[in-house]
Amino acid sequence: AASGGSATDKPSDSAVMAKIDAGLAALSSKVLSKGPNGEEPAPVAAAELSDAEVTQVKAMKLTAAIAMHYGGNDWSTAQIAGLKSEFARLGIEVVAVTDANFDAGKQVSDIETIMAKKPNIIVSLPTDPVATADAFRKASAGGAHLVFMDNVPKGFVAGKDYVSVVSADNYGNGVTSAYLMARSLAGKGKIGLIYHQADFFVTKQRYEGFKTTIKDNFPDIQIVEEKGIAGPDFAGDAQGVANAMLTKHPDLAGIWAVWDVPADGVMAAARSAGRTDLKIATEDLGTNAAVALAKNELVVGLGAQRPFDQGVTEARLAAASYIGKTVPGYVALASLPVDHSNLLDAWKQVYHSDAPASVTGVYKK
Amino acid sequence: MTGAATADVTGAATGTTVSAEQVVEMSGISKAFSGIVVLKNVDFSLVKGEVHALAGENGAGKSTLMKILQGVYTADSGEIRVDGIPVKITDTFAARAAGIGMVFQEFSLISTLTVAQNVFLTAEPIERGFLISDRVARERTAAIFADMGVEVDPAAPLANLSTAYWQLTEIAKALAQNAKVLIMDEPTASLAKHEAEALFELIGRLKARGISIIYISHRMDEIYRIADRITVLRDGAHVLTSALSSITPAEIVEGIVGRKIDGQLEWRERAASAGRVPVLEATGLTSGARVRDVSFTLCEGEIIGLAGLMGSGRTELVRALFGIDALSSGSVKIGGKPVTIRSTKQAMARGLALIPEDRRSQGLVLEHSVRDNLMLPLLDRTTSGGFLNAQKIVSLAQTLISKFSIKVSNPTMAVGKLSGGNQQKVVIAKWLGTEPKVLMMDEPTAGVDIGTKSEILDMVRAIADDGKGVLFISSELPELLAVSDRILVLRNGEVVKNMVRSEIPNEEYLQLAIQGA
Amino acid sequence: MSTTTSVFTKPLSAVRRVDWRQNVIYIGFVAAFLLFAITLGNDGFTTPNNLLNIVRQTASISVMAVAMTYVIATAEIDLSIGSVAGLSSVVAAIAISHFGTVVGILAGLGVGLVIGAVNGGLVSLLKVPSFLVTLGMLGLVVGVARWITDSAPIPIADPFFNALFGGGDIGIIPGLLIWALVFVAVGALVMNKTKFGRQVLATGGNQTAAQFTGINTSRIKFTVLVLSGLAASVAGMLYAGRLQSGRFQWGTGDELSVIAAVILGGTSLFGGRGRVVGSLFGALFIGLVNNGLILAGLDVSQQQIIRGAIIIAAVALSKKK
Amino acid sequence: MSTTTSVFTKPLSAVRRVDWRQNVIYIGFVAAFLLFAITLGNDGFTTPNNLLNIVRQTASISVMAVAMTYVIATAEIDLSIGSVAGLSSVVAAIAISHFGTVVGILAGLGVGLVIGAVNGGLVSLLKVPSFLVTLGMLGLVVGVARWITDSAPIPIADPFFNALFGGGDIGIIPGLLIWALVFVAVGALVMNKTKFGRQVLATGGNQTAAQFTGINTSRIKFTVLVLSGLAASVAGMLYAGRLQSGRFQWGTGDELSVIAAVILGGTSLFGGRGRVVGSLFGALFIGLVNNGLILAGLDVSQQQIIRGAIIIAAVALSKKK
Ligand SMILES: Nc1ncnc2c1ncn2[C@@H]1O[C@H](COP(=O)(O)OP(=O)(O)OP(=O)(O)O)[C@@H](O)[C@H]1O
Ligand SMILES: Nc1ncnc2c1ncn2[C@@H]1O[C@H](COP(=O)(O)OP(=O)(O)OP(=O)(O)O)[C@@H](O)[C@H]1O
Ligand SMILES: [Mg+2]
Ligand SMILES: [Mg+2]
């Protein structure tokens, strides 16, 4: 059961709160990340297809392959679900799905293998912009239209080498979780950060977004400890790190975790240290994070991506490129702030389905 | 020069007198393992072209002394001269370079390689600059075996062969080195008469070529048959060195055991064999290709000897009885009741025990302690309330160790570090500890010293006297004749003769029966 | 060298050497502990809660290491344990949400039982290398766990389950400590004090000789692999309780840590030797080092370097001659 | 049963059994190939380029598997290869950017040489278990690679290097195929036709007996671990060339695939047997299965399940009795 104060206790410092509300409000309408070549982001609406266009695409009987960088979390599942559902609507057959498990070499192999099926479309998140560039170039030369998630291979030019990149606002997600953390702390306290120690665009962006926001806007929040984790057991690693932080700083008020799986580990550490009053902010609306939010326990808020919508958008952009439609080279989806109050609604936005019983069942009114 | 080699060294001289003919001279050799002294200031010398027997009880230090000469161990103190020149033999390679080859008691073979690959290991024939030729190695191996008067397939993987073939391969491997000094550590321990004879002839020819041989054996008849001189060790110390022409067997035995014993293997009429209550009845046993339609009845108090050439199927017969190999037909009764035995566990439950022929691979867990090995078949008896009883274990192990006079400084020592004969005693003790109804023994005295051998034979008799049945396999005919009440002769897996002991007048008669002449 | 000295000094040095070698994990453990206690005392290393955390974090590894000691003692290996833990956590979580705690626990254990039995059956009946069988099983099981959950976590809302397997404390003693201690105590007792334990060691020491001595070595191998599966499913539920959810990833990669713990503890990869208490200390040693290095404020790469060096140093200390 | 049949059938069945068991990887390979060729022919499985892709994708694994065959044949193991590949790729990339291609290649090889020598020295001189030494080294080396690069990739702009080690083709023959074939050919020749190969097998078959025969088993173990390090650094540069960058992650986790390939190929984990060509087919088999399952359009979790099942099935076919 939740104890040590509810996560959404209204803090007294109204100036700080006002600043937070303003910041969050600004985020909901604006994407903070820039495209790989500094492009301004286009909105999702830019990828809409008319009924006529859908019919036109259907007639082409296209095929598509999905080459994921990693497949083992809700985010990937939702993204693939979005892609598959939209591809189905567009009459495009998904002929292969691969999971590189964060290994660029494996992803290169996967792309090579996929090319044996000569797909018209490849949707992928490049694990490493340098290492995968050659493979994507060959795929493109082999006739596949490329649509990327979040990140593009090095030296690639939108419209020429690839169709478009659809990104979550990862920087914005970091900013969102920073505001939510600040709100729960009423703008002051000591916090620790658990980041992903890898040269991975997406997670670096979040880390920067979070850290910069706290530093620039909340002078009373002290970042006393920053620790990287490298996996593969991210929950376990995060638990170890969180334990150490709580041991070293008994007065630590909050911990930010770079995505929901590490946050699971932080929760376990907080429980075993008897620190159910710890404020945890994170990214991505994973099931466990949702349960914690529903219980109003430990997790105070997160910046969610919209992986399902992202997948839908990618599918549409790919299709559009086949009917000679000019599409924007960079589309971004705004960050979605999630806390206890909007959890159930947010779930619907993220996954396009109702929250499961495991979440609704424990929702504390 | 060669011809005079033995004549000038007589009596109890230790052989340290300098002589141009001495190819090997070891003086003042001492060696200890983990503080236990196993060789004390031993002198030993070998004259060119002689066969020099080395004798002593199990654990006397014979193998250790020879391993020092072969570079496996380095002596703590002492000096080695080869051809009069002091040498430091720090590893086996140095020994080989000095022209010393060895037939190891525990074998130096690699089971995953073929016979020929083993024989020429590190001395592989080379063709086209650096490529080794297995074909040439096979041909040369076949030639060596032909010279030894035995038939072994050089291309057979060693893992598929039994102990006797390992022994022959080990000998061939030593011969292939063309060493001028050849150490043979109990080369005939697993050989049958026929192969042993061939080896003796070969030794004669080697000797004629001027090769000097050190021959370790527990068999007095062999020693007299081939050796020129003998050195006896006792408890790691030199006891005597003498020409065989000037020493009697009784003197040698006295030197070995330190007291007089009547160590002769003789058959003694035993009243118990008249019981005639069948304990094991086998009818039409067939298993694999080497046991065919074997029938016999073993009675309480009876000792049946199994005789046969190598590969005659004796081992396979007892393996099948003990549930290791499956029977394809035939039936077994124990105590009059028909039984099926599909596993060794069932066999043990029905009161059978098998002392296997290969102690290292089948009899012992070499890395485990003497005590653990002894207790392995006795775990049920040392368990109380679900847990092993440490006290029972310690005392039971101690009883077995003293009963079988196993020479071990500490029962928790790894059994693999015991001398060859003492390892064999552990296997025997382990099985006799189970007090079986039917005891099957496959070459149980291989490598066991004279004193202990007669003790073991006494024990076998005592077991039979106690109403148990014994199946006794041995290639050593004197001991077979000494204990058996009846002898079955096997050939190609079939029983070709079933003779009551009293029908067998002498060893030659049995030998002829075995060879089928 | 005179006889007298050799007689008196040799046995002593022999005793010393044997003890030293076999107990290197204990020495290493104490050395690492003292080192961290001195250098990191101010960083809270020695606080009771931190020390208990080390135990909590290594509980799952310790439980699996006990069973793995048996597997390795028979000269086999089980690479599937990490995946089995993951699948057990998932199956238990699903079963709990539908049928309650007891069924959930039984379902979780059932996963380990079934997979252990398949591993054991293949290894003991078909006599194929356990390395490959369990490597194949590792992939298969993790695939199943992903498939039935769509790679998502399954939350566990059952407070009794979570307390029993996870975070619950009895007084100040963490439940996880009790789990680990029970496994180790039973494991050590059975290994050293029962017929079964002896048969396990004999099977690993020399399978042929064991068979010739009436031991059903196939049954022994089957049994230890089943036990390993069961221990893995308990470990999976310990993860589930602590993380209040089942997920295919719980336990991922644990096989290497577990095997390392067992070998550090003095069990031989070639069978015939099994030290259950050593395995526990192997696991604690690894946990201790991880904890200390994090507290020392090192970053991931430095932690990896030093952790590797410490393992190598600990092993080098146990040198044979 | 008559004499004639038993005498003539037994040896025959023995021969058959031996061949069947030892060649199961070839049978498995052909079976998997035919299965995919029939079911996935329309999906481009049998196109030359796809088949060459399988070779390209398994080249690094094949190269390491050749050396690992030697290591395992001596009854040792090398878990550090994946990390060594990563560090070599990184060091080569850095050296290339500063000193050019030749120094870069030498630096990359130097990494394997040094780490192999440390592994080999510890294992052969101190007689400590290679499993732990190389496990420690795995962590240490990956930590070093992360540390010197800050976990970032180092791009390689040298087209000669990238062509030599990576994507270059000679006619239609991929350079990677040539690398793999050269390693396998030399490896097989040395294993089966040279003294060194024989001594490797003897060392693994029975170390004591090998020592009795005058083989310096320490030197043999040292040498194979150095070779393994060198092969890993070549593999790392093959990754670097193919991915046009050095990065600590290249090769991560390859040790398990490599060991699986070697054992599938018929080499015994307990030493004494080493089949280099079998290891190649083991690697190709794994690559073939990965490729086929992706082309079959299966979900990731389904791929994992079936891949695991195929490995288990292949192993079960090689059953001993
Ligand atoms: N490596 C070793 N470590 C410890 N003790 C050893 C070792 N090798 C031999 N010993 C001990 O040295 C003594 C002599 O052994 P050795 O093998 O030389 O005897 P042996 O005369 O050859 O006996 P046997 O006739 O039984 O072969 C034995 O007590 C044995 O236990
Ligand atoms: N290539 C091979 N594969 C399988 N078994 C073989 C092979 N070569 C020889 N053997 C068998 O190994 C056994 C050798 O054992 P051994 O010489 O002890 O004979 P045995 O049948 O046990 O009879 P005995 O005990 O009377 O000598 C024989 O059965 C022999 O045929
Ligand atoms: Mg001896
Ligand atoms: Mg025999």
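Both backbone and side-chain heavy atoms feed into the values below; hydrogens, waters and symmetry mates do not. First the proteins, then the strands, lettered A, B, ... as listed; each starts at 1.
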When the 4.5 angstrom heavy-atom criterion is applied to C:A152 and chain A, the contacting part is both
Is any side-chain N of the basic residue among A:D264 and C:R247 closer than 4.0 Å to the acidic one's carboxylate O? yes
Selection from C:P153, C:S301, C:G44 maximising heavy-atom pairs under 4.5 Å formed with chain A: C:P153
Counting C-beta onward and ignoring hydrogens, is there a side-chain heavy-atom pair between A:M267 and C:L243 closer than 4.5 Å? no
Contact part of C:S97 toward chain A, heavy-atom cut-off under 4.5 Å: side chain, backbone, both or neither? neither
Of all heavy-atom pairs linking A:G71 and C:S151, the shortest is O-OG, 3.4 Å
Give, as side chain, backbone, both or neither, the part of C:D43 having an atom under 4.5 angstrom from any heavy atom of chain A. both
Looking at A:V291, A:D233, A:N73, which makes the most heavy-atom pairs under 4.5 Å with chain C? A:N73
Heavy-atom distance under 4.5 Å to chain C: side chain of A:V261, backbone, both or neither? both
OH of A:Y195 to CG of C:D299: how many Å apart, nearest 0.5 Å? 6.0 Å
Between C:L295 and A:T247 the two heavy atoms that sit nearest each other are CD2-CB, 4.3 Å
Can you measure from CD1 (C:I94) to OG (A:S358) and round to the nearest 0.5 angstrom? 11.0 Å
For the interface with chain C, which of A:G361, A:A244, A:S272, A:A292 has the highest count of heavy-atom pairs at distances below 4.5 Å? A:S272
Residue, of A:A230, A:G240, A:G274, that accumulates the most heavy atom pairs under 4.5 Å with chain C: A:G240
Heavy-atom proximity to chain C below 4.5 Å, by part of A:K248: both
Between A:L246, A:N243, A:V362, A:T77, who has the most heavy-atom pairs with chain C when the cutoff is under 4.5 Å? A:N243
Measuring heavy-atom distances to chain A, does C:F248 have an atom under 4.5 Å in its side chain, in its backbone, in both, or in neither? side chain
Among side-chain atoms of A:Q239 and C:R56, is any donor-acceptor pair under 3.5 angstrom? no
What residue, out of C:L298, C:N291, C:I294, has the most heavy-atom pairs lying under 4.5 Å from chain A? C:I294
Decide whether A:N288 and C:S245 meet the rule of one side-chain donor and one side-chain acceptor closer than 3.5 Å. yes
So A:R271 and C:R242, side chain to side chain contact (heavy atoms under 4.5 Å, CB included) or not? Walk me through it. CA-CA 9 Å; A:R271 283 188 212 110; C:R242 201 152 46 107; over 6 Å; no
With respect to chain A, which residue among C:N49, C:D150, C:L52 yields the maximal number of heavy-atom pairs within a distance under 4.5 Å? C:D150
Just checking C:N42: does its CG atom have more than 12 heavy atoms from other residues, nucleotides or ligands closer to it than 6.0 angstrom? no
Tell me, for C:I156 versus chain A, whether the close heavy atoms (under 4.5 Å) come from the side chain, the backbone, both or neither. neither
So what's closer than 4.5 Å to chain A heavy atoms on C:N290: side chain, backbone, both or neither? neither
